[in-house]
Amino acid sequence: MRTTVPIVTAFIAGFVLVVAFFFRGSTLIGSLRDEFTAWITIIGGFTLALGVASIIRVNWTAVARRKRDWPYKILTLVAVLGMGIPSVLPVSWSSLLGNTPGSIYDWLFEYMQKPMMATMFATLAFYIASAAYRAFRARSPEATLLLVTATLVMLWRVPMGEAFLNLFPGDVPEWLNTYVMGGANMAVQRGIIIGAALGAASMSLRLILGIERMYMGKG
Amino acid sequence: MTCFRLSAVVLSLAALYPEVSWAQDQADPLFRADRINALVLVLVFSAAILLYTRWARAGKPLFLRRIPGLDAVEEAVGRATEMGRPVLFIPGIQELDDIETIAGVSILGRVAKITAQYETPLMVPVRYPLVLAASQEVVEQAYTEMGRRDSYDKDTVRYVAGEQFAFTATVNGYMMRERPAANIYMGAFFAESLLLAETGNAAGSIQIAGTARPEQLPFFIAACDYTLMGEELYAASAYLSREPVMTGGLKGQDFIKMIIVVLVIIGVVLVTFGMGDWFVHLFEEV
Amino acid sequence: MTFWERMDKIDRRWIYLAVGVAGVLPFLFPTPFPIGVTPEARSLYDAVEALPDGSNVMVVYDYYPSTIAECEPIAIAALHHLFRKNCKVITLSNIPYGGPTMAENVTRMMADQYGKVYGVDFVNLGYKYGYVAVLSGMGQSIESIFPTDHTGTPLAQLPLMDSVKNYSDVAFIFEIADNATADYWVSIVNAQYGVPIGCGGTAVMAPKFYAYVASGQFVGLLGGMRGAAEYEILIDREADGVVGMQAQSLVHLLIIALVILGNLGFFLSRGRMKRGVA
Amino acid sequence: MSGWEIFQLWVMAVLTLALFSFMYRDNPVYKVVEHIFAGLTVGYQIGLIWHSIILQQVWGPVLAGQWWKLIPGLFGVLMLSRLSGKYAWVSRTSLAFVMGATSGIFLISELHGRVLPQMQDTMIALNGGDGFGATMHSIIVVIGVLSTLIYFYYSKEHKGVLGATARVGIWFIMISFGAHFGYTVMGRVSLLIGRVQFLIEDWIGSFL
């Protein structure tokens, strides 16, 4: 019961979605596909709640058991409730509630979360610069070709570098865009895309037919 | 049998929906004949994957070429043994449900067999409890298979802080202190890959990486001695574990890849000689 | 300790400081250089310019707040171009961390500049889970996936949505993405419904998208902040894209210098090692 | 600029500087801001789930008479059983439906929407375009695609013709990864420039 029902469900859902592609939209199977597609967005949406609940639980137990950094975890919980609760309350009570522009929820996102997330990823530029100096070595012919191409592209993509490349005879930027980006790079990306597409299709097939049961977890 | 009975229930249920109306565009053909090429591709693809998976399950010897990256791994662990310095292995920083992490853990099994054989110290920092359990199981099994059950050290696989950069700081600290001879990164990595590779370089270790993340690959190639690229990571773990589903999938995909190469060559030749339009049109997606 | 050994042991925070300074200087002493426009950016501009005025266009915010430096200038430039042509804009997002809120706030900011009316000239559908199902579901009926807009107003009460039932009513899709969601606009929406798609992608994603431009599945491509600058030049409203790119030259030159310096040190010390001098 | 707008600018600037302080050293201020950030991300999702899914996709339609929307709503609630160790199996059917249906869409879209068009566009005439440049481009594309596919081929030893093609493949792959390296560096630097531009032009600019 615990394994056959899920496997049959996955098979029917997948089978309908695959077969409906080959038939006119206004058939029974076409309508079934549309309803199933809408259901994915509803049922799947609750998996977001799983993520929310598990993070709250991890932080809650860390605080309750005074684990390492537990005072900071209190801040996380305060932030969760500080943003979560006002958004759930009806906007009819006050314009500060709900999730529309002008609400606490919207303000916290626009003026706290957005700049913070942008800054978190901006630090990557520092790591790349330091790794550029201490780790990127032309230790093999292949790595050399990689670094030479990377340097040319880095020059080409910034105004000062592009001006420098234009000092050379011929249209170097146009050559880089046509033969490197649109030529060798495009061809390799296409090869990788085809390989990855076959991999994804293989995983999907195994999932529909119940060969792949990773999502079932233990037991 | 169950799925027929169940599908009957679902179909009858569908009839109840008032909004389902079949009177729409009756003019269009029932069967989308213009998508025959997709149907053929789906059927041929599915047949290849399922056949190879069944052969793999039946134990039929399916040839998989040896991935050069694995020789580099064994060479590096050998070097660590000569110098009597530890080997550091990180199975990626994602949860166990990430395919790359699973591939990383199966390669860990191989590395553990070599370190067991030569009694080289091994350190495996992990970020999630599930990955901890899976890695411990794989390492213990490797030591048992090599008859070195007694020298298996319980905290070879260590749970390190969960947050991304805290994990990196701890591992970097270990690298600078223990100065492992070989650092092996196999699995899903993100921005911290640069910090790890840089510190490993400063500590003078041989570094071998393997990931499928496209934006990390160029950095690993420039920073490490050897890198397994994208699919090679999965091929390496299939080559090692011989797990039927993985091996069958890989062989099936290879078969389709070869058909695609042949078809593209035919297409290019025909079109170059000016008589290929009908052939190219066969692959038109509608 | 030779010069190279000291350089090799350098504390990485000096490098961080150098990057910080190289990032700040161009804002204090701007030295603008001309910015060339790639054919991919021009073909995207031509495709949008060729749209009949007032046609329905979908602008999709498929990027996380982490890449607003690259993607927001693209969104703003696109909206300038579309509102200037009086196109009807339908926005949505497949990003659970801030996507729908950015779609709401950026579009409203631009709409105010052009005096556009919500519900008539533009609508924000917001976010639904499962981008694959959202993209596939909108092919049959947008309302089956989005019963209401982002703020909960049923689609029936929005005049614009009367004339937009599914992709056959959409003339063009402007996808702005920092992840693989754009791949599924190609393999589901363009492949199965034939809607022309223009993509503004982050620099990390751009090299891969050249393959979709070549096969015609994308009508054009903007690569990162550089792509935003090129599009700003094409619609001649130079803004954050151009300013940002001018400031980027110095940091690129610094990183190139660091790679060269690092390799020099590597080869010199290795050369000395071989000769057994060190 | 109103007092409130200046306050908002300062909030954003302080948070930006606090996160950049990690570059110097991990410090309590960074930890405070980082933990607040982790909380806000979760808080944002609570609002998203409540409005976008529960209200707009289940509660609203059901009130409007579409009673059958309760079925997916119910399956969705069952998904939450995954939180408890013992009853996790209850969620399997919901998860199986989502994974199965999504796989159905993937199987078609990957083969029909990605493999077919990319294959078709590689069947180009080697002497097609006008002039030497276009011919060179076509040759590069065809050889590049085929050698990349052969490089990632595992069912035969890379010897003889296959080995030579794979060698060519690795050179093409290195050029492509070099281009990808250059673009990724540009992307990360753009993110940094975006923050520096905010600090200088918006924040410092506000009190000059």
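What you see is a predicted model, and the numbers here were worked out from it, not measured in a lab. Letters A, B, ... are given to chains in the order of the sequence lines, protein chains preceding strands, and every chain is numbered from 1.
Residues A:I40 and D:F97 meet the side-chain proximity criterion, which asks for heavy atoms closer than 4.5 Å. No side-chain heavy atom of A:S87 sits less than 4.5 Å from a side-chain heavy atom of D:Y44. D:V32 is listed as a side-chain neighbour of A:L75, based on a closest heavy-atom distance under 4.5 Å. Using a 4.5 Å heavy-atom threshold, the side chains of D:H180 and A:Q189 count as touching. In this structure the side chain of D:M23 reaches within 4.5 angstrom of the side chain of A:Y127, judged on heavy atoms. The shortest side-chain heavy-atom distance between A:L17 and D:I108 does not fall under the 4.5 Å cut-off. Between D:F75 and A:F46, the closest side-chain pair of non-hydrogen atoms is not below 4.5 Å. Residues D:V58 and A:I42 form a side-chain contact, since some pair of their non-hydrogen atoms from C-beta on lies under 4.5 Å apart.
Contacts with chain A were tallied for D:L9, D:V33, D:T122; D:T122 has the most, counting heavy-atom pairs under 4.5 Å. Among A:V16, A:I55, A:I194, A:L50, the residue with the largest count of heavy-atom pairs under 4.5 Å with chain D is A:L50. For the options D:Y151, D:F152, D:W171, heavy-atom pairs under 4.5 Å to chain A are most numerous at D:W171. Across D:G104, D:S103, D:G133, the residue that shares the most heavy-atom pairs under 4.5 angstrom with chain A is D:S103. When A:S204, A:G191, A:A13 are compared by the number of non-hydrogen pairs under 4.5 Å with chain D, A:S204 comes out ahead. The greatest number of non-hydrogen atom pairs below 4.5 Å with chain D, out of A:R206, A:M117, A:M186, is found for A:M117. Highest contact tally toward chain D, considering only A:E110, A:E142, A:M154, A:M112, is held by A:E142 [criterion: heavy-atom pairs under 4.5 Å]. Here D:P72 is the residue among D:A13, D:P72, D:G182 with the most heavy-atom pairs under 4.5 Å with chain A. When D:M79, D:M186, D:H51 are compared by the number of non-hydrogen pairs under 4.5 Å with chain A, D:H51 comes out ahead. Chain D forms more heavy-atom pairs under 4.5 Å with one residue of A:G82, A:G182, A:A20, A:G51 than with any other, namely A:G182. Between chain D and the residues A:L145, A:I85, A:L77, A:V153, the most heavy-atom pairs under 4.5 angstrom are made by A:L145. Between chain A and the residues D:R114, D:Q45, D:H137, the largest count of heavy-atom pairs under 4.5 Å involves D:H137.
Neither the backbone nor the side chain of A:F15 comes within less than 4.5 Å of any heavy atom in chain D. With a threshold of 4.5 angstrom between heavy atoms, A:W156 approaches chain D through side-chain atoms but not through N, CA, C or O. Heavy atoms of A:Y72 lying under 4.5 Å from chain D belong to its backbone as well as its side chain. The contact between D:I36 and chain A is made by backbone and side chain atoms together, counting heavy-atom distances below 4.5 Å. In this structure, chain A has heavy atoms under 4.5 Å from both the backbone and the side chain of D:L48. For A:M181, the part lying near chain D is the side chain, with the backbone staying farther off; criterion is any non-hydrogen pair under 4.5 Å. Residue A:Y111 touches chain D through both its backbone and its side chain, counting heavy-atom pairs closer than 4.5 Å. With a threshold of 4.5 angstrom between heavy atoms, A:K114 does not approach chain D through any atom at all. Residue contact with chain D, scored on non-hydrogen atoms closer than 4.5 Å, involves the backbone and the side chain of A:P141 alike. Contact of D:V77 with chain A is made through backbone and side chain together, with heavy-atom distances under 4.5 Å. Both the backbone and the side chain of D:L80 come within contact range of chain A, with heavy atoms under 4.5 Å apart. For a residue to count as touching a neighbouring chain, one of its non-hydrogen atoms must lie under 4.5 Å from one of that chain's; by this rule A:F121 touches chain D with backbone and side chain alike.
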TODO: Apply side-chain contact (heavy atoms from CB on, under 4.5 Å) to A:T47 and D:V98, showing your working.
DONE: CA-CA 10 Å; A:T47 50; D:V98 173; 6.0 Å; no
TODO: Begin with the C-alpha distance, continue with both residues' side-chain angles, and end with the deciding distance and a verdict on side-chain contact (heavy atoms from CB on, under 4.5 Å) for A:M120 and D:E34.
DONE: CA-CA 9 Å; A:M120 283 268 196; D:E34 197 208 353; 3.7 Å; yes
TODO: Applying side-chain contact (heavy atoms from CB on, under 4.5 Å), run through A:N185 and D:I175 and close with a yes or a no.
DONE: CA-CA 7 Å; A:N185 164 67; D:I175 292 173; 5.8 Å; no
Open item on the list: Please evaluate residues D:F181 and A:T149 with respect to the criterion side-chain contact (heavy atoms from CB on, under 4.5 Å), reporting the C-alpha separation (whole Å), side-chain torsions for both, the decisive distance (0.1 Å), and the verdict.
Closed with: CA-CA 9 Å; D:F181 183 112; A:T149 315; over 6 Å; no
TODO: Could you check A:T41 against D:Q57 for side-chain hydrogen bond (donor to acceptor under 3.5 Å, both in side chains), going step by step and ending with a plain yes or no?
DONE: CA-CA 9 Å; A:T41 62; D:Q57 284 190 297; 2.8 Å; yes
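Contact detail for A:S54 and D:L83: the closest heavy-atom pair is N-CD2, 4.2 Å. A:L198 and D:V115 get closest at one heavy-atom pair: CD2-CG2, 4.2 Å. Annotation for A:T9 and D:A96: closest pair CB-CB, 4.4 Å, computed over non-hydrogen atoms. The shortest non-hydrogen separation linking A:A122 to D:F20 is CB-CZ, 4.0 Å. Scanning both residues, A:G183 and D:I140, for their nearest heavy atoms gives C-CG2, 3.8 Å. In this structure, A:Y179 and D:A134 approach most closely via the heavy-atom pair OH-N, 4.3 Å.
Put simply, CZ on A:R33 and CD1 on D:I105 are 9.0 Å apart, with the number rounded to the nearest 0.5 Å. Between atom OG1 of residue A:T119 and atom CZ of residue D:F22 there is a gap of 14.0 Å, rounded to the nearest 0.5 Å. Taken to the nearest 0.5 Å, the OG1 atom of D:T148 stands 11.0 Å off from the CD1 atom of A:I193. Atoms CZ and OG1, from D:R188 and A:T123 in turn, are 9.5 Å apart once rounded to the nearest 0.5 Å.
Under the 3.5 Å distance criterion, the side-chain polar atoms of A:T76 are matched with a main-chain donor or acceptor of D:H35.
For the side-chain contact (heavy atoms from CB on, under 4.5 Å) test with A:M83, the passing option among D:T41, D:L40, D:I46, D:V42 is D:L40; the others fail.
Ring-plane geometry between A:W107 and D:F7 is classed as parallel, the angle between the planes falling under 30 degrees on a 0 to 90 degree scale with a further cut at 60.
More than 12 non-hydrogen atoms from other residues, nucleotides or ligands lie less than 6.0 angstrom from CH2 of D:W203.
Contact residues of residues 191-202 of chain D toward chain A are D:L191, D:L192, D:R195 (heavy-atom distance under 4.5 Å).
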